[in-house]
Trainee: 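Next up is a structure, given as structure tokens.
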Amino acid sequence: MKQNTFYLMAGIVGLIEVGLFWFSVELKNPLIITAGFIMGVGLLYVARMTITDLREDERAVLITQKAGSRTLEVFWVLFFAVSLGSAVIGFSTPLGIPRPRELPHDFPRDEPHLGYFGILQMILLCCIAFLYIAFRVYYARKYGEWDTDEE
Amino acid sequence: MKNKIKVFRAMHDLTQEALAQELRVTRQTILAIEKGKYDPSLELAFKIARFFGVSVEEVFFYDELRH
């Protein structure tokens, strides 16, 4: 597979993921987007291995590693903090022992409950992408990705 | 780390692209090394030196003033 074909495929997978997300919200079923996302990423990982004209050397690997590790370094703190918040929300209500075997039919309820929290998490998930791109641009510039030189 | 890759390239009448292809790296990597923005791995440093038929010390040298 050519690299450009892979990028095209990644774009299509991205669009499908957006569709699955919308579908998931409509059906109030989080499993659709969860499973779809895992399959989409898995598909892209497999497709990436079949790229024949990929020119990736040690400097490109270094840029990717640096950007990835810096993104995680910053992001895990934010995500951990938000997850702790969600744990508090979870533990603030009775744990319900014995647990019901299945979720009530009106779950999730239509009235606002964790709506703002969901929006916050979506913003954070978008932030990780922007953060990664920012670090990638920074390290690419640092290691001369867009430099020009006389021959 | 400083280097004389540009000098050796000129001596061998090689473009950055040609050298990059010989060493199986990208042209940007050669450019980044020449400009001192990226220090190559030992393996790549040896490959570069061997390609020009000289020792690593003749191509790369430590710039103490910068560190």
Side-chain angles (χ1 to χ4, degrees), chain A residues 1-11 13-14 41 44-75 128-151, chain B:
Chain A
M1 177 188 286
K2 298 274 182 192
Q3 196 164 8
N4 286 341
T5 313
F6 173 76
Y7 287 140
L8 188 66
M9 186 179 163
V13 169
V41 172
L44 288 179
Y45 278 165
V46 171
R48 193 173 182 274
M49 287 191 286
T50 65
I51 297 175
T52 50
D53 59 342
L54 180 67
R55 288 195 71 185
E56 191 175 54
D57 60 8
E58 58 180 48
R59 189 184 56 90
V61 171
L62 178 80
I63 291 171
T64 304
Q65 282 177 347
K66 287 250 184 189
S69 66
R70 288 286 184 211
T71 303
L72 283 179
E73 220 168 78
V74 173
F75 195 73
I128 196 170
F130 285 114
L131 201 60
Y132 178 76
I133 290 166
F135 275 126
R136 209 179 153 80
V137 168
Y138 171 76
Y139 282 111
R141 183 173 288 181
K142 186 177 177 184
Y143 292 113
E145 183 72 16
W146 296 293
D147 281 359
T148 53
D149 195 24
E150 74 286 352
E151 283 288 348
Chain B
M1 188 92 76
K2 281 192 167 183
N3 65 80
K4 293 180 184 168
I5 294 177
K6 199 167 186 173
V7 176
F8 280 104
R9 232 174 12 89
M11 283 164 62
H12 288 76
D13 196 23
L14 275 172
T15 62
Q16 287 172 341
E17 184 66 46
L19 179 60
Q21 279 184 358
E22 290 288 342
L23 299 170
R24 295 184 182 279
V25 294
T26 59
R27 189 187 73 83
Q28 291 305 117
T29 296
I30 298 296
L31 175 57
I33 296 170
E34 283 185 2
K35 284 192 161 187
K37 285 192 166 184
Y38 173 66
D39 292 332
S41 66
L42 267 177
E43 188 186 355
L44 182 56
F46 272 100
K47 273 186 187 174
I48 293 168
R50 292 228 172 123
F51 179 79
F52 291 126
V54 293
S55 65
V56 176
E57 292 90 341
E58 286 178 80
V59 184
F60 296 94
F61 50 96
Y62 189 67
D63 182 16
E64 292 195 23
L65 289 175
R66 274 185 69 183
H67 295 276

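In what follows, chains are A, B, ... by sequence order, proteins preceding strands, each numbered from 1.
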Trainee: Can you pull out the residues in residues 47-56 of chain B with any heavy atom less than 4.5 Å from chain A?
Mentor: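 Counting heavy atoms that sit under 4.5 Å from chain A, no residue of residues 47-56 of chain B is involved.
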Trainee: Looking at B/S41 and A/E58, what are the two nearest heavy atoms and their distance?
Mentor: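 That closest heavy-atom pairing would be OG-OE1, 2.6 Å.
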Trainee: With a 6.0 Å cut-off (strictly less than), is the heavy-atom count around CZ of A/R136, excluding the residue itself, greater than 12?
Mentor: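 Yes, because the 6.0 Å sphere around CZ of A/R136 holds more than 12 heavy atoms from other groups.
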Trainee: Closest approach of A/D57 and B/R24, non-hydrogen atoms and distance?
Mentor: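 In terms of heavy atoms, the two residues are closest at CB-O, 4.4 Å.
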Trainee: Could I get the full list of salt bridge (Lys or Arg N to Asp or Glu O under 4.0 Å) partners for B/E22, not counting sequence neighbours?
Mentor: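 In terms of salt bridge (Lys or Arg N to Asp or Glu O under 4.0 Å), with neighbours along the sequence ignored, B/E22 is linked to no residue.
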Trainee: Check the surroundings of atom CZ in B/F46: do more than 12 heavy atoms from other residues, nucleotides or ligands lie under 6.0 Å from it?
Mentor: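 Not buried by this count: 12 neighbours or fewer within 6.0 Å.
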Trainee: Check this for me: B/F61, atom CZ, are more than 12 non-hydrogen atoms of other residues, nucleotides or ligands nearer than 6.0 Å?
Mentor: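 Yes.
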Trainee: Who among B/L23, B/T26, B/L44 has the most heavy-atom pairs with chain A under 4.5 Å?
Mentor: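 Of B/L23, B/T26, B/L44, B/T26 has the most heavy-atom pairs under 4.5 Å with chain A.
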Trainee: List for me each residue that meets salt bridge (Lys or Arg N to Asp or Glu O under 4.0 Å) alongside A/R48, sequence neighbours excluded, and say none if there are none.
Mentor: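 Salt bridge (Lys or Arg N to Asp or Glu O under 4.0 Å) check on A/R48 returns A/E56.
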Trainee: Output all residues satisfying side chain to side chain contact (heavy atoms under 4.5 Å, CB included) with A/A10, sequence neighbours left out; order by chain, then residue number.
Mentor: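 Counting only residues at least two positions away or on another chain, A/A10 forms a side chain to side chain contact (heavy atoms under 4.5 Å, CB included) with A/L44.
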Trainee: Please round to the nearest 0.5 Å and tell me the distance separating atom OH of A/Y143 and atom CG of B/L31.
Mentor: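 Here the interatomic distance stands at 15.0 Å.
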